[in-house]
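First the structure, in the form of structure tokens, and then the observations on it.
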Amino acid sequence: MKTIGILGCGWLGLHLNQHLQDKQYNVKGSTTSEAKIPELEAAGIDPYLVNLQDLDEAQLRAFLTNLDLVVITIPPIRGEESDLYARSFERLVPYLQQHGVQQVIMMSSVSVYAPDEQEVTEQSIAYSNDPTSKQILAAEQVLLQARGITSCILRLGGLFGPDRKPVRYIINRGILDNPDLPVNMIHIRDIVQFTAAIIAQGFTANEVYNLVSPHYKNRLDYYTQEAEELDLILPPLGENDRKTHRKITGNKIVQQTGIPYEKL
């Protein structure tokens, strides 16, 4: 039975853990908060206290021992101009190498791409100048260039699920900007299914996949569906800023796994 390590058991990591356990994997998980250890234990996770910014080497080594694969779900600090995020990955890589962890999946973001009037695929190399996006891209490169490690980068759209509803943020803001522009969202159910499929298939070369649901015409379509589900009323519509247009395609992951995006 394979043992998977989830580095960063937040919202995404906990959902992924449940799916992997359902698939009969053993799961080790990390958190930066000692108070969260009981929550991880209750979820059936073998828990470790790992903070790459303030490293407890013994905890990290114990976490990495006897792992078949690591899934990294640690988010960057939004708006942070420094290179702390990428340096955390640089700090991690030698430990991965020393413990023989040869496969890594990183949960990244489609925010690394620059706005574009054309559809954006994994072949696109026009990247955003946003500080957070630059952090994420730099961290990706640390993994992709690491010797002895094969990495699968999953660039995720905006996250949503039964317990995460971005429409509430829009309603609190009081306006829905860019209603006619593309929306790049991904449901947690798609994330965990695609991730489990990649783990089961394995990968022998570095890969990058966009994960974005194809089932929404634009932002208004997505937020209307979400608002109706919760019996909420959308706020007034704002202007469309074409300079922010960005339509991400996520077909490559479907071709690789044979799994379609769920129609929710």
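Quick note: numbers below take in every heavy atom, side chains included, and nothing from hydrogens, waters or symmetry partners.
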Checklist entry - With distance as the sole test, does Arg246 use its side chain to make a donor-acceptor pair with the main-chain N or O of Asp116 at under 3.5 Å? => result no

Checklist entry - Looking only at side chains, do Asp46 and Tyr48 share a donor and an acceptor under 3.5 Å apart? => result yes

Item to check | Spacing of Ile4 atom CD1 and Ile45 atom CD1 [to the nearest 0.5 Å] | outcome: 13.0 Å

Item to check | Any side-chain heavy-atom pair of Ile72 and Leu92 under 4.5 Å | outcome: yes

Checklist entry - Does one hydrophobic cluster hold both Val142 and Val112, with members joined at side-chain heavy-atom distances below 4.5 Å? => result yes

Checklist entry - Looking at residues at least two apart in the chain, or sitting in another chain, which of them share a ring pair (Phe, Tyr, Trp, His ring centres under 6.0 Å) with Phe160? => result His187, Tyr222

Checklist outcome for this item: Distance col, row Ile198:CD1 vs Gln103:CD, nearest 0.5 angstrom, shows 10.0 Å

Item to check | Leu181 backbone acceptor or donor facing Asn178 side chain under 3.5 Å | outcome: no

Next on the checklist: If you define the side chain from C-beta out and look only at heavy atoms, does anything of Val27 sit under 4.5 Å from Thr3?
Outcome noted: no

Checklist entry - Under the salt bridge (Lys or Arg N to Asp or Glu O under 4.0 Å) rule, what pairs show up with a residue in residues 139-167, not counting sequence neighbours? => result Glu140-Arg155, Lys165-Glu226, Lys165-Glu229

Next on the checklist: Looking at Lys247 and Glu119, is any side-chain nitrogen of the basic one under 4.0 Å from a carboxylate oxygen of the acidic one?
Outcome noted: no

Checklist entry - So, does Asn210 use its side chain to make a donor-acceptor pair with the main chain of Thr249 at under 3.5 Å? => result yes

Checklist entry - For the side-chain contact (heavy atoms from CB on, under 4.5 Å) test, which of Val110, Ile186, Asp190 pairs with Leu211? => result Ile186

Item to check | Pi-cation contact, Tyr209 with Lys252 (under 6.0 Å, within 45°) | outcome: yes

Checklist entry - Between the main-chain N or O of Leu144 and the side-chain N or O of Asn206, is there a donor-acceptor pair closer than 3.5 Å? => result yes

